[in-house]
Amino acid sequence: MELLAPAKINLFLYVTGRRPDGYHELCSLMCAVAIYDRLVLRMGGARSTVACHGCDLPLDGTNLALGAVTVFNAALAAETQRRPEQVAIRLDKKIPVGAGLGGGSSDAAAVLKGLNAYHGHPFDEGRLCALALVLGADVPFFIRGRPALVTGIGERIRPYAGLPAMDVVIVYPGFGLSTAAVFKNLNLALTKSKKKLRYFPFNNGSFSATHHLHNDLEAGVGEHFTVLADIKERLCRLGAMGAAMTGSGSAVFGLFANAADASKAKDVLEQQPGWQVFATRLLT
Ligand SMILES: C[C@](O)(CO)[C@H](O)COP(=O)(O)OP(=O)(O)OC[C@H]1O[C@@H](n2ccc(N)nc2=O)[C@H](O)[C@@H]1O
Ligand SMILES: Nc1ncnc2c1ncn2[C@@H]1O[C@H](COP(=O)(O)OP(=O)(O)OP(=O)(O)O)[C@@H](O)[C@H]1O
């Protein structure tokens, strides 16, 4: 079975609070983009394995693709009459790791959905999302896959129909960041998000690339990595309608009105040594 796992960007991300367990409550507009990891699943065998191509990831149960097999098989055994099967996964990694592009989360969601289809859909989308949340806060979004307003720590997902088709240029600056460390470094008192959120047209009002891009995690990350502000400025000078960091970084994206402008910006930016640049589009 062959699966494609897309990346995501956070068009806006507000941190609205902190739970007693340390996780942060968010309000984020998320959309998948057309950059894909490719996974090939071979069913059967004595034990589940993952082999990664194009990156250096752990190959044990901490690999989110393999973690998804464990979570799925445990639920299958406990909640249905079906017999779990071991899976050998080949992962061709295209989405930069630790970039805020949700690559690991998307791999996990693709495996959960793939195994669910293979076993004849024993779980509905709601149950799959609950299994997904065990693997990470971003994984339920990828189960649904459509543009969405995401709240809670990532488990409340409301489809959002107000996103226009847009072209996107994503710049990975050559280093990844730890999501946990970025949240730890956040000064919640400074975000004052609840007030700013009032300005967004929540009920599927149309999204504006010039007014609504925002990321509460950006200031803290930008203090340590000034290259992110440089990338934003260069994207805007090259014609982006707006630019922001995605998720917990390190990648920065710019939104463009058409594919020709996005492609031109990519050609210029990828001259910079160490940067990886993608010209892609929102999967609206
Ligand atoms: C920042 C986002 O990318 C926005 O889409 C996501 O919220 C991150 O989701 P994720 O990578 O799936 O995160 P997880 O793997 O669940 O969490 C990694 C660590 O980040 C912190 N974390 C994550 C999500 C969240 N809402 N609050 C947090 O404080 C926690 O310390 C957690 O231990
Ligand atoms: N299949 C996988 N793909 C990518 N990262 C994985 C995978 N499995 C485990 N990981 C681990 O997850 C961490 C970051 O993963 P990922 O690339 O999804 O981060 P991210 O893009 O910042 O995600 P998010 O936006 O969800 O915070 C790394 O420490 C990496 O080793």
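Keep in mind it's a predicted model, so treat the numbers as computed, not measured. Counting starts at 1 for both ligands and their atoms, in listed order. Note that the numbering runs from 1 along the sequence shown for the chain.
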message: Please determine whether any non-hydrogen atom of Gly154 lies less than 4.0 Å from an atom of ligand 1.
response: no

field: Shortest protein contact, atom 1 (N) of ligand 2 (heavy atom only)
entry: Asp107 OD2, 3.0 Å

query: Do protein heavy atoms approach atom 4 (C) of ligand 2 to less than 4.0 Å?
result: yes

message: Would you say CG of Asp60 has more than 12 non-hydrogen atoms from neighbouring residues, nucleotides or ligands within 6.0 angstrom?
response: yes

- request: Return the option from Ala65, Gly98, Gly104 holding the heavy atom at the smallest distance from atom 17 (O) of ligand 2.
  value: Gly98

message: Just so I know, are the side chains of Leu76 and Pro122 near enough to count as touching, which here means a heavy-atom distance under 4.5 Å?
response: yes

- prompt: What distance separates Lys8 NZ from Phe253 CZ, expressed to the nearest 0.5 Å?
  reply: 9.5 Å

query: Can you list the ligand 2 atoms lying under 4.0 Å from a non-hydrogen atom of Asp138?
result: 24 (P), 25 (O), 26 (O)

- prompt: Below 3.5 angstrom, do we get any N/O pair linking Leu57 and ligand 2?
  reply: no

- prompt: With atoms numbered from 1 as shown, which atoms in ligand 1 lie under 4.0 angstrom from a non-hydrogen atom of Ala180?
  reply: 19 (C), 20 (O), 31 (O)

query: When you measure from atom 11 (O) of ligand 1 to every protein heavy atom, which one gives the shortest distance, and what is it?
result: Thr179 OG1, 4.0 Å

statement: Of all heavy-atom pairs linking Cys52 and Leu57, the shortest is SG-CB, 3.9 Å

- request: Have a look at ligand 2 and work out which part of Ala99, if any, has a heavy atom under 4.0 Å from it: side chain, backbone, both or neither.
  value: backbone

- request: Answer side chain, backbone, both or neither: which part of Phe183 comes under 4.0 Å from ligand 1, heavy atoms only.
  value: side chain

message: If you compare all heavy atoms of Leu64 against all heavy atoms of Ala108, which two are closest, and at what distance to 0.1 Å?
response: O-CB, 3.6 Å

- prompt: Hey, what do you get for CG (Asn258) to CZ (Arg281), rounding to the nearest 0.5 Å?
  reply: 14.5 Å

- prompt: Rounded to the nearest 0.5 Å, what separation is found between the CD atom of Glu218 and the CZ atom of Phe225?
  reply: 13.5 Å

statement: If we number the atoms of ligand 2 from 1 as shown, the ones under 4.0 Å from a heavy atom of Asn63 are 1 (N), 8 (N), 9 (C)

- prompt: Please state which protein non-hydrogen atom is closest to atom 25 (C) of ligand 1 and give its distance, to 0.1 Å?
  reply: Tyr23 CD2, 3.5 Å

query: Can you find an N or O of Gly247 that's nearer than 3.5 Å to an N or O of ligand 2?
result: no

- prompt: If you measure every N/O of Asn10 against every N/O of ligand 1, is any gap under 3.5 Å?
  reply: yes

- prompt: Which distance, rounded to the nearest 0.5 Å, do you find between the NE2 of His24 and the CZ of Phe183?
  reply: 6.5 Å

- request: Run the contact test for Ser105 against ligand 1 with a 4.0 Å cut-off on heavy atoms, strictly below, and give the result.
  value: yes

message: Show the atoms of ligand 2 that are less than 4.0 angstrom away from any heavy atom in Leu91.
response: 1 (N)

query: Taking N or O atoms only and a 3.5 Å limit, does Gly102 qualify as a polar contact for ligand 2?
result: yes

message: Under 4.0 Å, heavy-atom basis, I'd like to know which part of Lys8 is in contact with ligand 1: side chain, backbone, both or neither.
response: side chain

message: Geometry only, no angles: is Leu101 polar-contacting ligand 2 at N/O separations under 3.5 Å?
response: yes

field: Expected output: side-chain Asn73 to main-chain Glu85 donor-acceptor under 3.5 Å
entry: yes

query: At their closest point, which heavy atom of Pro84 faces which heavy atom of Ala77, and how far apart are they?
result: CG-CB, 3.9 Å

message: Tell me whether Ile9 shares a hydrophobic cluster with Met241, the cluster being built from Ile, Leu, Val, Met, Phe, Trp, Tyr side chains joined at under 4.5 Å.
response: yes

task: Would you mind running through ligand 2 and noting each atom that sits below 4.0 Å from a heavy atom of Thr62?
output: 8 (N), 9 (C)

field: Test ring-ring contact (aromatic ring centres under 6.0 Å, His included) applied to Phe207 and Tyr160, step by step
entry: CA-CA 10 Å; Phe207 176 85; Tyr160 179 77; 7.2 Å; no

task: Could you name the option among Leu26, Asp138, Leu13 that has the heavy atom nearest to atom 3 (O) of ligand 1?
output: Asp138

Leu135, any N or O under 3.5 Å of ligand 1 N or O: no

task: Run the numbers for me: atoms of ligand 2, each under 4.0 Å from some heavy atom of Lys8, listed by number.
output: 25 (O)

task: Would you tell me which option among Arg19, His24, Lys184 has the nearest heavy-atom contact to atom 26 (N) of ligand 1?
output: His24

- prompt: Just to confirm, does any protein heavy atom lie below 4.0 Å from atom 13 (C) of ligand 2?
  reply: no

message: Tell me the contacting part of Thr179 for ligand 2: side chain, backbone, both, or neither, using a 4.0 Å heavy-atom threshold, strictly below.
response: side chain

- prompt: Looking at ligand 2, does Asn10 have a heavy atom less than 4.0 Å from it?
  reply: no

field: Interfacing atoms of ligand 2 (cut-off 4.0 Å, heavy-atom, Gly100)
entry: 20 (P), 21 (O), 22 (O), 25 (O)

query: Can you find a protein heavy atom under 4.0 Å from atom 20 (P) of ligand 2?
result: yes

- request: Could you walk me through whether Asn63 and Ile89 pass side chain to side chain contact (heavy atoms under 4.5 Å, CB included), step by step?
  value: CA-CA 11 Å; Asn63 188 300; Ile89 302 173; over 6 Å; no

query: Should we say atom CZ of Arg19 is surrounded by more than 12 heavy atoms from elsewhere, each under 6.0 Å from it?
result: yes

query: Looking only at heavy atoms, is any part of Val97 under 4.0 Å from ligand 2, and if so is it the side chain, the backbone, or both, or is it neither?
result: both

- request: Answer yes when Lys94 and Asp92 have at least one side-chain N-carboxylate O distance shorter than 4.0 Å, and no when they do not.
  value: no

task: Check Leu29, Leu213, Leu217 against Leu13 for a side-chain contact (heavy atoms from CB on, under 4.5 Å) and give me the one that passes.
output: Leu217

- prompt: Looking at Lys93, Arg38, Lys113, which one forms a salt bridge (Lys or Arg N to Asp or Glu O under 4.0 Å) with Asp107?
  reply: Lys93

- prompt: Would one find more than 12 heavy atoms of other residues, nucleotides or ligands at under 6.0 Å from atom CZ of Arg42?
  reply: no

query: Which ligand 2 atoms, with their elements, are less than 4.0 angstrom from a heavy-atom of Gly103?
result: 18 (O), 21 (O)

field: Within reach of ligand 2, part of Leu64 (heavy-atom separation under 4.0 Å)
entry: both

